[in-house]
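To find a chain, count down the sequence lines: A is the first, B the second, and so on, and within it residues start at 1.
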Amino acid sequence: MIVADGALHGIQEVATTLGLTHRTLRFYEDRGLVAPQRVGSTRVYTKRDVARLQLIQRGKRLGFSIREIKDFLDLYDADPEHIEQARLLLAGVEKRAADLHKQRDALDETITELEQLQREVRAWIEGH
DNA sequence: CTTCTCACA
DNA sequence: TGTGAGAA
């Protein structure tokens, strides 16, 4: 049977085209983020798998953990209307943005302190 | 080329 | 969060 799901791809090919290594794909699979079909024991990635991997890459780019990304993807599968999924995404995105703002504030404080010290040391040097 | 497992940063 | 290596 195996319906009409176009081209299938090997792990090396998928990894290369996504700028990943086959080790990373296997790691994601271990973590339950992807579940490629098997032909015998060989993994075969569909275009849906590749789409999932691209979502994973986006999630990582935005600073989400493998676990968070998995929870999101799982919900996407479980909920055809994608309502709960959207709520989870929103919550996660808000949290992430809040964390980053917090980090930025901390960095600003540190930079300000460094600049102050910088002025103090310069003044001390001038005075000698 | 692919698989798996174990160790390791 | 991945990587390297060894063996099949």
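- Distances shown here put every side-chain N or O of Arg43(A) at or beyond 4.0 Å from the OP1 or OP2 atom of dT2(B).
- For the OP1/OP2 pair of dT3(C) and a distance below 4.0 Å, the side-chain nitrogens and oxygens of Thr24(A) include at least one atom meeting the criterion.
- The side chain of Arg23(A) contributes no N or O atom lying less than 4.0 Å from OP1 or OP2 of dC6(B).
- As a whole-Å value, the separation of Phe27(A) CZ from dC4(B) C1' is 16 Å.
- As judged by a 4.0 angstrom heavy-atom cut-off over every strand, Arg67(A) is placed among residues making no nucleic acid contact.
- A salt bridge links Glu84(A) and Arg87(A); the closest N-O separation between the charged side-chain nitrogens and carboxylate oxygens is under 4.0 Å.
- What separates CG of Leu20(A) from P of dG2(C) is a distance of 9 Å, to the nearest Å.
- Between Tyr28(A) and the phosphate of dT1(C), there is no side-chain N or O to OP1/OP2 separation shorter than 4.0 Å.
- Atom pair Asp30(A):CG and dT5(B):C1' shows a separation of 10 Å (rounding to whole Å applied).
- Nucleotide dT1(C) holds its P atom 8 Å from the CD1 atom of Ile69(A), rounded to whole Å.
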Test side chain to side chain contact (heavy atoms under 4.5 Å, CB included) applied to His128(A) and Trp124(A), step by step: CA-CA 7 Å; His128(A) 281 68; Trp124(A) 184 88; 3.4 Å; yes
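- Distance, Gln57(A) CD to dT1(C) C1': 14 Å, rounded to whole Å.
- Counting to the nearest Å, the P atom of dG2(C) and the CD1 atom of Ile56(A) are 10 Å from each other.
- Rounded to whole Å, atom P of dT3(C) lies 11 Å from atom CD1 of Ile66(A).
- Arg26(A) comes within contact range of at least one nucleobase, with a heavy-atom separation under 4.0 Å.
- Between Arg96(A) and Glu68(A) there is no salt bridge, since none of the side-chain N atoms of the basic residue sits less than 4.0 Å from a carboxylate O of the acidic one.
- Using a 4.0 Å cut-off between a side-chain N of Lys or Arg and a carboxylate O of Asp or Glu, Asp108(A) and Arg104(A) do not qualify as a salt bridge.
- Rounded to a whole Å, the NE2 atom of His22(A) is 14 Å from the P atom of dT5(B).
- For the pair Ile69(A)/Leu33(A), a side-chain contact is recorded, criterion being any heavy-atom separation below 4.5 Å from C-beta on.
- Listed pair Thr42(A) / dC1(B) fails the phosphate criterion, with no side-chain N or O lying under 4.0 Å from OP1 or OP2.
- The side chain of Ser65(A) sits closest to dT1(C) out of dT1(C), dT3(C), dT3(B).
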